[in-house]
Structures are given as C-alpha cells and as structure tokens.
Amino acid sequence: MATLIRNGRIVTAVDDYSGDILIDNGVVQTIGRNLSVGADVQVYDASGLLVLPGGIDVHTHLDWEFGPTQTVDTFGTGTKSAAFGGTTTLIDFCNQTMGQSPLTGLENWHKRRESACVDVGAHMIMLDVNAQSLADMKTLIQREGVTSFKLFMAYPGVLMVDDGALFKAMRVAGGNGAMTCIHAENGQVIQVLVQEAVEQGLRAPKYHATTRPSILEGEATHRAIRLAELAGTPLYIVHLSAGEALAAVTEARDRGIPIHAETCPHYLFLTAEDYERPEFEGAKYVMTPPLRDHHHQHQLWRGLRTDDLQVVSTDHCPFCFNEQPYGMKYSKRQGVDSFSKIPNGAPGVETRLPLIFDGAVRKHGMSINRFVEITSTAPAKLFGLFPKKGSIAVGTDGDIVLFDPNEQWTIRAAEQHSRIDYTLFEGRQVTGRVKKVFLRGQCIVDGQNWLGREGMGQYLRRGEAGRV
Ligand SMILES: [Zn+2]
C-alpha cells in the first residue's frame, strides 16, 4: 500500500520546507504541495511535526557473544528499540574469530540478524590479519557489501592487533573503497595500569576510568591517523571521548586528510562522576573509552559544531545490571568483585535522537539540518548507504520519522523496548519526541504502538565508503 505523509515540515541536512511525501514500493515517489491521492493510499497528517530522514546508527553490538559475555538484545529486540527511537538503519559489528575466515564471521552474523525489524548492515571486526584474511576482505567488499572494517588498538590478547597488522588492513580497505574504523586506546599501557590497580586492591567500578586515561586515547588516535596517512587511506575513529583524540582528528582534517570521527551521547551528557554511584551502580556506566570530565565534554560539543566530529552513534552494547532474568553471562554482575571483569558496554539505541535534538538544537544552538546531518546523512555517506538512506528526496527509501520538537518527556528504562534493565539517562527530561516511524513507507511505530515485525528488516549491501 502507498503512503502519503502530508503537511509536515520536511528537514534534511540541507533543506527545510513544508510539503507532502508520497511513498510507494518502499521508495519516495513524489514530493510536492497539496498532493491528491486515491482512496487506496494511507494518509498520515504531520501538521506541527518535523519530517526527518530515518536515523542511522552505525555502532551497535546486538546478540554479540564474546568470551564469557553476551549482549542481551537480540536483533529483534535491539532493532525494535532502535525503531522506537527513530532509527531505521543500523550498522552492527560482526567479527572474525581467531584462526577463521572473516567470511565465516559474516555467515554467523547473518543467522542472528534474521529477526531484525529495521534495515541492517555489517562492519567486520578483523582479529587475525594474514594473507588469506586480507584476500577475504576484498571478497567482503566486492561480493558481500561489507565496506567497513574495525580494528582494535585496545584489549591485548583478545581483540587488539599490532600496528603492522593495522597498517596492512588499512591499505587493503582503503585500496578497495572501504572504510577502516578504529578503536583507539593504547591497550598495552592500559593493561599495565589495570593490573597494578587490581593488585593494589583498587577494584571498584571507578577504577575503570582511572586506568584508561584520556592521554592514551589521544596517543592511539594520533598513531592511527599517522598510519592511515602513510597508507593513504580514509579513517573513522569510533566512540571518540577525549579532547586529546579530538585534537588529533582536528589537526588532520585541517590538513585535508580524510579522517572522520564519531562520538556517543553518553560522552556528551555524562561524566566520570557517575562511577561514584553506590551499590555497584557505577558499573552501569562502564564502557570503553570511559566517561570523562566536563573539559572533554565541552571539546566534543565544539567538535560537533565545527564538523571535526561528523557523527553521533550509540555504541549500544547492552548488559543487564541485574543477573536476572537472563543470567550472569548477560550481566554487569560478573565484575562485582573487580572492575576489570565488568562487561564493557552500555545501552542507548532508543534515546539517541531525542537526546541529541535536545542537546544540539535546543541547548547548543545547532540547526535542525546539522542534527539530521550528524544522526543520518553523514553516517549514510561515510558507510556507502547514500542516497538510498540518509535523506528525503525522490528515489530514497521511505524511511521517515515524524518528530515533535516541542514535546517534553522523561526517559525511563521501564518504557523502553530493549531487553536491558536500565538506561544511562533515567529520569532525564528532554524536549523533542519521536511520534511515528516509517520503514520503507510502512508505519512501524505509532506513538507507543508497535506495528512492525521481526524479520522485516533487510540486509544492506553497502557501496563504497564516502568522505564528509
Ligand atoms: Zn562498540
């Protein structure tokens, strides 16, 4: 059935006007004023609402098993939560297993993602860089539409690759039109600091932050950028949290080098003070990099304004606070005796758009165009989805969010749709709320009502990585 969204204020990264949008076969067919349609078209009135391109979150970990831990959202629950937050596209992480082909990692991920309710693409985490896996990267890019690869400079012995492997993978990715994503923290020095803290009996959640100081994020970011510069390839720094790291990105971009970076809502709104919460509650905030202080936060907002940061994604990596009902494997309680055993990750996929709208547009004076750019358009361009995703124009997918810029509401974990039992933003008041969400023209969220279904999300075979 065709869909008409009428009388809305349509805002993209560059446009702002009122009009009607006709979507048929999942794609925007016509945009105009006072469009007349037959009785067979479902009509939605968007008077008083913003009509925005569906949000794109390029950093999630759904149903991700790693070592003794597993994230608690399935693709079904994680993408439903995303949809209620106005996000209609995710790029999720799948990983190579040591000694195996990354192609096997992708196959396993495809089985898990079948329950997705919104469209999903995959980044490949490379763990074992060798001649065969470098050849497999080309197959992933050319045959499977996986056009981004993530490498870790942290977690030695688990996820980390050395600089030589990093450099080799960057060259293959960049030389074949793909993006290299980097987790930039100096893992070996962090390991020393963590071991020393644990030996000294400093085991509360707050020591997660003190053992991962911002200078080590700055150092790794600088190193990754220099290696990318030598390799002549573009780079994307994930979850940037530190002023030192942003300075390295800013310096590179000022020289015209294709370096990009994202930050996440928790770094923009929260600080390391949250680790002091009693009753082990600080564990809820244990993610990497850790929360920083206000000085870093001001830098991040500055970076978003000046386009030194181009994307806000969530790093949705949910582990329950309580052991029940899903079990210890899915719970922060694994680390009750030592911060070093707390699963690293936090939820956020449902709250990104309202938080960033409230923070960026209402409190930091950014335009609604810029809000759309950092939450939808730039991620689409960087990760080979534009113009199918990331905008509203004739021929784009009919992924649309009707957003009330004036509604005030309070974030509550109990009202969210993830399986997780907490939110980082419990009780926070925000202005701006998702009212309706369309995936390829089909209304899947209508207020509090769920109209989508598991399995309706499509796999996104992505094109060449872009630059912004
Ligand atoms: Zn992550």
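What you see below is based on every heavy atom in this structure, not just the backbone, and it leaves out hydrogens, waters and symmetry mates. Computed from a predicted structure; not experimentally measured. We count ligands from 1, going down the list as the structure has it; atoms in each ligand are counted the same way.
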Close aromatic pair by centroid cut-off 6.0 Å: Tyr267 and Trp301: no
Ring centers of Tyr236, His260 separated by less than 6.0 Å: no
Enumerate donor-acceptor pairs with a distance under 3.5 Å from any side-chain N or O in residues 339-348 to protein atoms, sequence neighbours excluded.
from, atom 1, to, atom 2, distance (Å)
Ser340, OG, Ser338, OG, 2.8
Asn344, OD1, Tyr155, OH, 2.7
Asn344, ND2, Ile342, O, 3.0

Any side-chain donor near an acceptor of the partner, Arg462 and Ser148, under 3.5 Å: yes
Phe75/Trp109 aromatic ring centres below 6.0 Å: yes
Protein N, O or S atoms lying under 2.8 Å from the Zn ion (ligand 1), listed by chain and number: His59 NE2, His61 NE2, Asp315 OD1
Glu279 and Lys332 ion-paired at < 4.0 Å: no
